[in-house]
2 protein chains.
Amino acid sequence: MSGPATHIVDDDAAVRDALQWLLKSRAVQSQAWGSAEDFLSFASRGLCGCLLLDVRMPGMSGIELFDRLRALGCRLPVIFLTGHGDVPMAVQALKDGAFDFIEKPYDDNALVDKVLAALEHDLKRCANEDSVLLVQQKLDQLTQREQEVMHLILAGKLNKVIADELGIAMRTVEVHRSHIFEKMQVRSAVELSQVLGLLRDKPSPES
Amino acid sequence: MSGPATHIVDDDAAVRDALQWLLKSRAVQSQAWGSAEDFLSFASRGLCGCLLLDVRMPGMSGIELFDRLRALGCRLPVIFLTGHGDVPMAVQALKDGAFDFIEKPYDDNALVDKVLAALEHDLKRCANEDSVLLVQQKLDQLTQREQEVMHLILAGKLNKVIADELGIAMRTVEVHRSHIFEKMQVRSAVELSQVLGLLRDKPSPES
DNA sequence: TCGACTATTGTGGATTTCCGCAGACACCTG
DNA sequence: CAGGTGTCTGCGGAAATCCACAATAGTCGA
């Protein structure tokens, strides 16, 4: 891992070189792969930056690589590059969550602009993903029982009610409650509910 | 207002008729306009359903109408229809929030599928928008002071602290607090924070 | 078997919240 | 001016939360 970078996947070495040269001239870090398979074996969920992806390649197509990456939980913004694109393909890619779709031959300035936009977009995404991951980690520290109690707290129920519903003493609920606050690093139920609010959307990938 | 419907805007009467006939044959309600201007004078924020929009029209283009509608706060899902579309145009439209982009001549079944998808999408959107509006209305009932206190409550502060910060008696804070809960129709700070969580995204349009 | 973790409960007290009752003052409107 | 609304305050009590101290018991892995 070496910070955010533009990841290029294209089977044509000349295209890869041209892109790397172009990006380097604009002070944008890049790294290139010659096939979808190569990139896939390298890719991980924690990648940051963006992905410049050729649609038509021998072996796995760019579209298929895109799908695989998404299935793996990789949310890197993807800019498709293609010399034979049509409107339906572009529309489908965008609807599936691609960041952009560019036809070859491309305009250098326009492409760089889109890459920069994708990189900026990914900065926020990464920051957000990090905080979500942090919350998730805290959540994982909770024991089974603590999670049950937490849900009831978030339902706005009083300790007394929670105790009744779980068939345990109020004191026990209080203990769980304080453990929950401690582990989640919050000081009130309100904060807890707000922290958990960050998990809305992205229930997160498996694997 | 007459429930969700597919709104068609196309300068070509033959296209309008064909679309209306097609949709009617699939039991989809529709309504048609001959120009962007006509629809714009009819459109309001509360519309539900979807919008089938021709890109190229005399006078205001479909794209411009789309922008205008978005500026007005209309979030109707828009499916663009065009006979002379290119990839960059489609990409831009999708990135600007269009729901779909279809080239003419279109395939009847494919178009209906997309319309149905848009209608279903809009059902959720409308429901969500309604609940957001409801919360907003409740929020508007709060007096200036009550809103201040509410923010401090949401910051997780104790009544005592709030009283100090506002330079007022704790009892006063308590009174405000109960008024807030009453007006917002919640029974705890946790519920309040969750209800307010719905307002994330969509700060909502003016007009 | 020992220690760590989890779940459980109790006592008692400090602190906070919640609420009814009561009243004050300012501003605005009919 | 009378009445409504918003802001502010006090008193006192019921209910709930928060917490330190203290203890029992089951599971699980070293």
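Side-chain atoms are counted along with the backbone in the values below, which use heavy atoms only and exclude waters and symmetry mates. Below, chains carry the letters A, B, ... as their sequence lines are ordered, and counting in each starts from 1.
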Can you tell me the distance, in whole Å, between the [atom1] atom of [X] and the [atom2] atom of [N]?
X	N	atom1	atom2	result
A:His179	C:dT8	NE2	P	12 Å
B:Gln144	D:dT5	CD	C1'	15 Å
B:Met170	C:dT15	CE	P	12 Å
B:Leu142	D:dT7	CG	P	10 Å
B:Ile168	D:dG6	CD1	C1'	12 Å

Self-check item: Candidate nucleotides C:dC18, D:dC18, D:dG10, ranked by approach to the side chain of A:Phe181 - the nearest
Solution: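 Selected nucleotide: D:dC18.
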
Quiz item: So which nucleotide from D:dT7, D:dC21, D:dG10 ends up closest to the side chain of B:Glu146?
Solution: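 So the side chain of B:Glu146 is nearest to D:dT7.
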
Quiz prompt | Mutual orientation of the aromatic rings belonging to A:Phe66 and A:Phe80 [parallel < 30°, tilted 30-60°, perpendicular > 60°] | solution =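 Judged by the thresholds at 30° and 60°, the geometry between A:Phe66 and A:Phe80 is perpendicular.
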
Self-check item: B:Phe39 and B:Phe42 aromatic ring geometry - parallel, tilted or perpendicular at 30°/60° bounds
Solution: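 Aromatic pair B:Phe42/B:Phe39 classed tilted.
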
Quiz item: After noting the C-alpha distance and the side-chain angles of B:Cys50 and B:Asp122, does the key distance pass the side chain to side chain contact (heavy atoms under 4.5 Å, CB included) rule?
Solution: CA-CA 7 Å; B:Cys50 74; B:Asp122 203 50; 5.7 Å; no

Self-check item: Step-by-step side chain to side chain contact (heavy atoms under 4.5 Å, CB included) determination, A:Ile8 to A:Trp33
Solution: CA-CA 6 Å; A:Ile8 299 167; A:Trp33 287 262; 5.7 Å; no

Exercise. Using the closest heavy atom to pick a nucleotide of DNA chain D for each, name whichever of B:Lys183 or A:Arg187 lands nearer the 5' end.
Key: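 So the residue in question is B:Lys183.
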
Quiz item: Got a sec? Which of residues 148-165 of chain B come in under 4.0 Å of DNA chain C, heavy atoms?
Solution: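 Output list: B:Leu158, B:Asn159, B:Lys160.
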
Please confirm whether the shortest side-chain N or O distance from [X] to OP1 or OP2 of [N] is below 4.0 Å.
X	N	result
B:Arg177	C:dC18	yes
A:Thr143	C:dA7	yes
B:Arg145	D:dC8	yes
B:Thr172	D:dT9	yes
B:His176	D:dC8	yes

Self-check item: Other residues, nucleotides, ligands: >12 heavy atoms within 6.0 Å of A:Arg26 CZ
Solution: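 Atom CZ in A:Arg26 is crowded, with more than 12 foreign heavy atoms closer than 6.0 Å.
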
Quiz item: Do other residues, nucleotides or ligands put more than 12 heavy atoms under 6.0 Å from the NZ atom of A:Lys95?
Solution: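 Correct, the count exceeds 12.
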
Quiz item: Taking atom CZ of B:Arg56 and atom CG of B:Asp12, what is their separation to the nearest 0.5 Å?
Solution: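 Atom-to-atom, B:Arg56:CZ and B:Asp12:CG are 13.5 Å apart.
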
Quiz item: Can you find a donor-acceptor N/O pair under 3.5 angstrom joining the side chain of B:Arg171 to the base of C:dG23?
Solution: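 It does not, because no donor-acceptor pair links the side chain of B:Arg171 to the base of C:dG23 below 3.5 Å.
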
